[in-house]
Number of protein chains: 2
Amino acid sequence: MAKVPSPLDCACFNTRKTARVLGQVYDRALEPSGLKNTQFTALAVADAYDGISITDLSKAMEIERTTLTRNLKLLERDGLVKVGPGADGRSKTVILTAKGKRRLDGALPLWRQAHERMLREFGAKRWKSVQKELDAMRDRLHP
Amino acid sequence: MAKVPSPLDCACFNTRKTARVLGQVYDRALEPSGLKNTQFTALAVADAYDGISITDLSKAMEIERTTLTRNLKLLERDGLVKVGPGADGRSKTVILTAKGKRRLDGALPLWRQAHERMLREFGAKRWKSVQKELDAMRDRLHP
DNA sequence: GGTCGAATAGTGTATATACACGTCTTATGG
DNA sequence: CCATAAGACGTGTATATACACTATTCGACC
């Protein structure tokens with residue numbers, strides 16, 4: 001008697017709703033910085049890989065390239081990044097402006113606080129394990 | 001020497017990107033049904049709790065009520081649900097139409113197939129464990 | 001050197017998401 | 001009964017997300 005799978009156990013649904021909740025939590029923590037969680041991540045990754053191309057950044061964030069293009073547009077509008085010509089006539093490079101760097105630096109302590117609270121309330125080891133499982137999940141199911 | 005936490009380990013970022021990837025996977029699987037994963041879930045939950053109110057449905061899906069209102073608008077536009085008056089003069093009830101029920105029934109096998117593929121490629125027991133961890137995470141961190 | 005496929009990027013369109021507010025309805029206390 | 005709080009909903013505004021296309025540029029091959 002195999003149980004019929006319930007849509008409530010859908011992997012998509014469950015990760016999505018968790019992402020929604022975490023998004024709210026982190027957005028509230030980041031609020032004083034004026035950054036949303038996605039923007040914070042984009043800035044952080046762009047800062048880590050300085051002069052990264054849009055496509056590479058989208059791969060690093062595992063986000064649709066065309067989505068990232070639009071997200072970057074907003075960051076550019078606010079003067080946080082500069083999207084300039086790449087090595088190639090095709091590609092473009094994403095660079096944090098001084099303002100962007102300051103903004104990121106201002107947001108980092110807020111994020112760290114939220115992160116540490118998460119580690120405290122959920123468990124650091126536990127999170128590490130979940131993170132690894134999510135990594136594996138993406139690896140196996142990648143579209 | 002405690003390590004400085006990296007934004008790449010952000011819980012929000014990691015669950016979000018996983019949700020993005022899974023969203024793509026499931027959306028492609030559901031594509032023949034004409035439903036997106038969120039719509040599929042909404043229909044499934046609304047069907048399970050027939051005549052549920054908008055607020056209660058939003059709680060069941062752990063989605064912002066105002067977001068759900070907009071999502072429901074699209075389902076209503078397509079004639080898949082009917083949002084009618086509730087027991088109360090304030091609340092409203094969400095009911096699947098016959099068309100909505102048919103649509104859901106048509107989508108279910110597609111979802112099931114994707115779900116089973118997921119269980120196969122990732123591991124059924126493993127998913128059950130991850131799901132439990134995600135539940136716990138939301139419980140502890142709820143905004 | 002011209003052609004053609006691959007790489008890189010942007011746009012049109014549509015859905016999803018959340019917050020701050022405003023509206024209307026019910027419940028509660030005097 | 002009335003005033004006020006609490007509950008349920010919708011809207012304005014803004015960001016996030018993805019797919020199908022289109023345009024441009026590089027590189028490889030003849």
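On a predicted model such as this, the values are computed, not experimentally measured, just so you know. Every chain is numbered from 1 and lettered A, B, ... according to where its sequence line falls, protein lines coming before strand lines.
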(request) Rounded to the nearest angstrom, tell me the gap between atom CG in B/Asp27 and atom C1' in C/dT15. (result) 10 Å
(message) Could you tell me how far apart A/Ile52 (CD1) and C/dT8 (P) are, to the nearest whole angstrom?
(response) 12 Å
(message) I need the NZ-P distance between B/Lys17 and D/dA18, as an integer number of Å.
(response) 13 Å
(message) Rounded to whole Å, please give me the gap between CG in B/Leu35 and P in C/dT15.
(response) 12 Å
I'd like a list of close polar pairs between nucleotides 5-12 of chain D and the protein, N/O only, cut-off under 3.5 Å.
from, atom 1, to, atom 2, distance (Å)
D/dG7, O4', B/Arg90, NH1, 3.2
D/dC9, OP1, B/Ile54, N, 3.4
D/dC9, OP1, B/Lys92, N, 2.8
D/dC9, OP1, B/Lys92, O, 3.3
D/dC9, OP2, B/Thr55, N, 3.0
D/dC9, OP2, B/Thr55, OG1, 2.2
D/dC9, N4, B/Arg65, NH2, 3.3
D/dG10, OP1, B/Lys92, NZ, 3.0
D/dG10, OP2, B/Thr69, OG1, 3.1
D/dG10, N7, B/Arg65, NH1, 2.9
D/dG10, O6, B/Arg65, NH2, 2.9
D/dG12, N7, B/Arg70, NH2, 2.6
D/dG12, O6, B/Arg70, NH1, 2.5
D/dG12, O6, B/Arg70, NH2, 3.4

(request) Flag the pair B/Thr97 / B/Arg103 as yes when at least one side-chain heavy-atom distance between them is below 4.5 Å, and no otherwise. (result) no
(request) May I have the distance from B/Glu62 (atom CD) to C/dA16 (atom P), rounded to whole angstrom? (result) 18 Å
(message) Expressed as a whole number of angstroms, how long is the span from B/Met61:CE to C/dA16:P?
(response) 9 Å
(message) For a quick test of reading the model: is some side-chain N or O of A/Asn71 closer than 4.0 Å to OP1 or OP2 of D/dT15?
(response) no
(message) Without decimals, in angstroms, what is the distance between B/Arg16 CZ and C/dA18 C1'?
(response) 10 Å
(request) For A/Thr93 and A/Pro85, work out which heavy atoms get closest and say how close. (result) OG1-O, 3.3 Å
(request) Hey, which sits more toward the 5' end of DNA chain D by its nearest nucleotide, B/Arg28 or A/Gln39? (result) A/Gln39
(message) Expressed as a whole number of angstroms, how long is the span from B/Arg20:CZ to D/dA16:C1'?
(response) 9 Å
(message) Please tell me if A/Arg77 has a side-chain N or O lying less than 4.0 Å from either OP1 or OP2 of D/dA14.
(response) no
(message) I want to confirm an ordering. Mapping A/Lys36 and B/Asn37 to their closest nucleotides on DNA chain C, which one lands closer to the 5' end?
(response) B/Asn37
(message) To the closest 0.5 Å, what do you measure between CD (A/Gln39) and CG (A/Leu72)?
(response) 10.0 Å
(message) Can you tell me if A/Gln24 touches the phosphate of C/dT17, counting only side-chain N or O atoms and a distance under 4.0 Å to OP1 or OP2?
(response) no
(message) So A/Ile63 and A/Asn71, do their side chains get closer than 4.5 Å, heavy atoms only?
(response) yes
(request) Determine whether more than 12 heavy atoms belonging to other residues, nucleotides or ligands lie under 6.0 Å from atom CD of A/Glu116. (result) yes
(request) Can you sort out the partners of B/Phe40 under ring-ring contact (aromatic ring centres under 6.0 Å, His included), two or more places apart, ordered by chain and number? (result) B/Trp111
(request) Give a yes or no on whether the backbone of A/Met61 and the side-chain of B/Arg20 come within a donor-acceptor separation of less than 3.5 Å. (result) yes
